[in-house]
*Asks:* 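I have a structure I would like to understand better, so I am pasting it below and will then ask my questions one at a time.
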Amino acid sequence: MFGMSLPEIIVILVIAVLVLGPDKLPEALVKFAKFFKYFKAQVSSAKSNFEQEVRIAELKADAAKLKSSVTDISSNVRKKLTFEELDELKKSASDFSAELKNSLDFSQTNSDNENSRIPSENSKIGSENQVLDKLNVVDKLNSDPLNNEIDEQKAGKNV
């Protein structure tokens, strides 16, 4: 204990008996034991608090790493989904645009060839407006600057 051997402890006890006397010695030993117990409890409490704080700091660092990796993964997945969805939308929009142009051309050639069957003027204007509206939507999809930027990013990744 504290680097002291048994003979040194006996010398200290003899000096304590001579200084304190046999009446006060038991009370002094009890007070010393209580102080030593309190001191030991405080040291172990401080040690456990320090270890707990170190563990908390390690957990926070691990949580930050996990959060950043999850964020990176989710953004990469979202980009891939966005590119795939955008490609699919562009393809369907271009297919739709081609179908509309073909049907518009077909309807114009049919109306030119068939002079005997002339549709009413209101229905012709309504159908042409619908076709033009749909073509405008397709053109907007194809000319959207966000789509162009995404295409450029995708082209940069493929290169």
*Asks:* Members other than Val11 in its cluster, when Ile, Leu, Val, Met, Phe, Trp, Tyr link by side-chain heavy atoms under 4.5 Å?
*Replies:*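 Direct or chained contacts put Val11 with Ile15, Val19.
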*Asks:* So which residues get pulled into Val17's cluster when ILVMFWY side chains under 4.5 Å apart are joined, directly or through others?
*Replies:*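 Reading the cluster by chain and number, Val17 sits alongside Leu20, Leu25, Leu29.
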*Asks:* Testing Leu13, Leu6, Ile12 for side-chain contact (heavy atoms from CB on, under 4.5 Å) with Ile10, which one passes?
*Replies:*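 Only one of Leu13, Leu6, Ile12 forms a side-chain contact (heavy atoms from CB on, under 4.5 Å) with Ile10, namely Leu6.
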*Asks:* Can any side-chain N or O of Glu8 pair as donor or acceptor with the backbone N or O of Ser5 at less than 3.5 Å?
*Replies:*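 Confirmed, Glu8 side chain pairs with Ser5 backbone.
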*Asks:* Output the distance between atom CD (Gln52) and atom CG (Leu59), rounded to the nearest 0.5 Å.
*Replies:* 10.5 Å
*Asks:* At their closest point, which heavy atom of Ser48 faces which heavy atom of Ser45, and how far apart are they?
*Replies:*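 The pair with the smallest heavy-atom distance is OG-O, 2.9 Å.
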*Asks:* Atom NZ in Lys60, atom CD in Glu58: separation rounded to 0.5 Å?
*Replies:* 12.5 Å
